[in-house]
There are 2 protein chains.
Amino acid sequence: MNSDFTLAIHSLTFLALQSDRMSTSDAISESAGVHPVRIRKVLSLLKKHGFIKSKEGTGGGFIFTLDLSEVNLWDIYMITSEGALQPKCPDSNEKCIVGANMKRVLFAIFLGAEEHLGEYLKNYTIKEVVDLVNQDQNSGCD
Amino acid sequence: MNSDFTLAIHSLTFLALQSDRMSTSDAISESAGVHPVRIRKVLSLLKKHGFIKSKEGTGGGFIFTLDLSEVNLWDIYMITSEGALQPKCPDSNEKCIVGANMKRVLFAIFLGAEEHLGEYLKNYTIKEVVDLVNQDQNSGCD
DNA sequence: GCATAATGTAATAATAATTATTACAGTTTA
DNA sequence: TAAACTGTAATAATTATTATTACATTATGC
């Protein structure tokens, strides 16, 4: 799994704490420690699904459009990483009963695993994440 | 996540269907479509945990030591891939409240996710996997 | 004893996936 | 019309995964 999922969570949490004004991809990328273009790519997905809106030009950036407790981690996972749990099986030997059938069996099991994971992730909304972040040891924001 | 987990499942399923004799890493690797050295590495982990035993020399190979229904997929996950769900967070900005705390928050959430996944994976033993493989469309083994 | 067939494992090479960077077009503001 | 943004494609760099090679070790059968 690449880190689009966690970057999306990071970005949305950042936006949640700046809900009164727009944040630039530069500001978010500095907070997350990755390249701004990557942030824009991830946020472009979230925009497509209506979680945030963006504005180009001076004073532009990204801002949350929904209520924090309307967006949960499963929603974000589905947008950024659906199927990521699925194992990548190399082409196995079709002449062997195991090789011929393992892919199908694993696919079914991992599909169930992803659904199960979904039940867990639905318990966390961005609001909860923000609350956890606010229970901080460290503080300070720029 | 690398494919050690699925390779371990594949290998154990293979051994389960050959429970009366030893199987070589060459035979398993041919079934799984990967290099025999990789199979030996994965099986060396499973051996360390007592799921299988091995024998060197002519006529040697690997064989199951436990009952098929004693080994579940969570056991195998823990051996081959513990912590693999954990996101790799780049060093983020400690001066930002989000950057300073996100790693800790995500770590906690993903730890819970892995535990939750465990509950699901415990439902599948190698016996169940073997049964699923036997409900095959394709058949034939060499 | 010795050739052969296997595991065990380290070191290295090749490949694939992820991430960063560059480049530039489009938009908005002042 | 310059400056500050987003949007996105193309490419480069880096990292992770997998394959390969090499060789030591162990067991078997002749």
Side-chain angles (χ1 to χ4, degrees), chain A residues 1-8 10-11 14-15 18 21-65 80-81 83-92, chain B residues 1-8 10-11 14-15 18 21-65 80-81 83-92:
Chain A
M1 185 157 47
N2 65 21
S3 54
D4 285 0
F5 180 41
T6 56
L7 273 180
H10 192 119
S11 301
F14 190 98
L15 295 185
Q18 308 271 105
R21 55 193 151 116
M22 296 207 120
S23 306
T24 67
S25 58
D26 260 47
I28 302 169
S29 80
E30 210 177 313
S31 166
V34 299
H35 201 277
V37 171
R38 220 145 114 44
I39 295 292
R40 296 210 284 274
K41 269 188 213 155
V42 171
L43 292 191
S44 136
L45 286 171
L46 296 174
K47 182 189 174 185
K48 210 175 291 179
H49 287 81
F51 292 2
I52 58 176
K53 65 183 177 194
S54 69
K55 201 173 137 199
E56 301 183 15
T58 307
F62 301 89
I63 198 164
F64 234 111
T65 47
T80 58
S81 308
L85 237 57
Q86 214 55 236
K88 36 187 163 17
C89 295
D91 290 338
S92 50
Chain B
M1 183 156 51
N2 66 21
S3 53
D4 285 359
F5 180 40
T6 55
L7 273 181
H10 191 118
S11 301
F14 189 98
L15 295 185
Q18 308 270 103
R21 56 193 150 116
M22 297 207 119
S23 307
T24 67
S25 58
D26 260 47
I28 302 169
S29 79
E30 211 178 312
S31 166
V34 298
H35 200 277
V37 172
R38 226 153 143 249
I39 295 291
R40 295 209 285 273
K41 269 188 212 154
V42 171
L43 292 191
S44 135
L45 286 172
L46 296 174
K47 183 190 174 185
K48 210 174 289 177
H49 286 80
F51 293 1
I52 59 176
K53 65 182 177 196
S54 70
K55 201 174 137 199
E56 301 182 14
T58 307
F62 301 88
I63 198 163
F64 234 111
T65 46
T80 59
S81 309
L85 237 57
Q86 214 55 235
K88 36 187 162 18
C89 294
D91 290 338
S92 50

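Given the structure is predicted, the values throughout are model-derived calculations rather than measurements. Within every chain, numbering begins at 1; the chains are lettered A, B, ... in the order of the sequence lines, protein sequences first and strands thereafter.
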Scan the side chains in residues 32-43 of chain A for donor-acceptor partners under 3.5 Å anywhere in the protein, sequence neighbours excluded, and list what turns up.
unit_1	atom_1	unit_2	atom_2	d
A:His35	ND1	A:Val37	N	3.2
A:Arg38	NH1	A:Asp4	OD1	3.1
A:Arg38	NH2	A:Ser3	OG	2.7
A:Arg40	NH1	A:Ser25	OG	3.1

Inset, instruction - Could you tell me the separation between the OG atom of A:Ser11 and the CZ atom of A:Phe64, rounded to the nearest 0.5 Å? - result: 10.5 Å

Legend entry - A:Thr24: side-chain contact (heavy atoms from CB on, under 4.5 Å) partners, not counting sequence neighbours: A:Asp26, A:Ala27

Legend entry - Sugar-phosphate, base or nothing in reach of B:Lys48, heavy atoms under 4.0 Å: nothing

Legend entry - Strand DNA chain D as a dot-bracket string - pairs counted if Watson-Crick or G-U with both distances under 3.5 Å, | where the partner lies in another strand: ||||||||||||||||||||||||||||||

Inset, instruction - Measure the spacing between CG of B:Leu45 and CD1 of B:Ile52 and express it to the nearest 0.5 Å. - result: 9.5 Å

Inset, instruction - Check side chain to side chain donor-acceptor pair (under 3.5 Å) between B:Ser31 and all other residues, then give those that pass, not counting sequence neighbours. - result: B:His10

Inset, instruction - Name the first nucleotide and the last nucleotide along DNA chain C (5' to 3') that come under 4.0 Å of a heavy atom in chain A. - result: C:dT18 to C:dT29

Inset, instruction - Within residues 33-41 of chain A, find the residues that approach DNA chain D with a heavy atom at under 4.0 Å, and present them sorted by residue number. - result: A:Val37, A:Arg40

Inset, instruction - Can you sort out the partners of A:Phe51 under ring-ring contact (aromatic ring centres under 6.0 Å, His included), two or more places apart, ordered by chain and number? - result: none

Legend entry - Audit row: A:Leu7, A:Asn2, side-chain contact (heavy atoms from CB on, under 4.5 Å) steps and yes/no: CA-CA 10 Å; A:Leu7 273 180; A:Asn2 65 21; over 6 Å; no

Inset, instruction - Start with the C-alpha gap between A:Leu15 and A:Ile63, add the side-chain angles, then the distance that decides, and say whether side-chain contact (heavy atoms from CB on, under 4.5 Å) holds. - result: CA-CA 6 Å; A:Leu15 295 185; A:Ile63 198 164; 5.8 Å; no

Legend entry - Pairs involving residues 52-61 of chain B, ordered by first then second residue, that meet side-chain hydrogen bond (donor to acceptor under 3.5 Å, both in side chains) (sequence neighbours left out): B:Lys47-B:Ser54

Legend entry - Partners meeting side chain to side chain donor-acceptor pair (under 3.5 Å) with A:Thr6 (sequence neighbours left out): none

Legend entry - Nucleic acid contacts of residues 53-63 of chain A, taken as heavy-atom distances under 4.0 Å to DNA chain D: A:Ser54, A:Lys55, A:Glu56, A:Gly57, A:Thr58, A:Gly61, A:Phe62

Legend entry - Nearest-0.5 Å distance, NE2 of residue B:His49 to OG1 of residue B:Thr65: 12.5 Å

Legend entry - Distance below 4.0 Å between A:Thr24 side-chain N/O and D:dT6 OP1 or OP2: no

Legend entry - Comparing B:Leu43 and B:Pro90 on DNA chain C - which has the more 5′ nearest nucleotide: B:Leu43

Legend entry - ring-ring contact (aromatic ring centres under 6.0 Å, His included) against B:Phe5, all qualifying residues, sequence neighbours excluded: A:Phe110, B:Tyr77

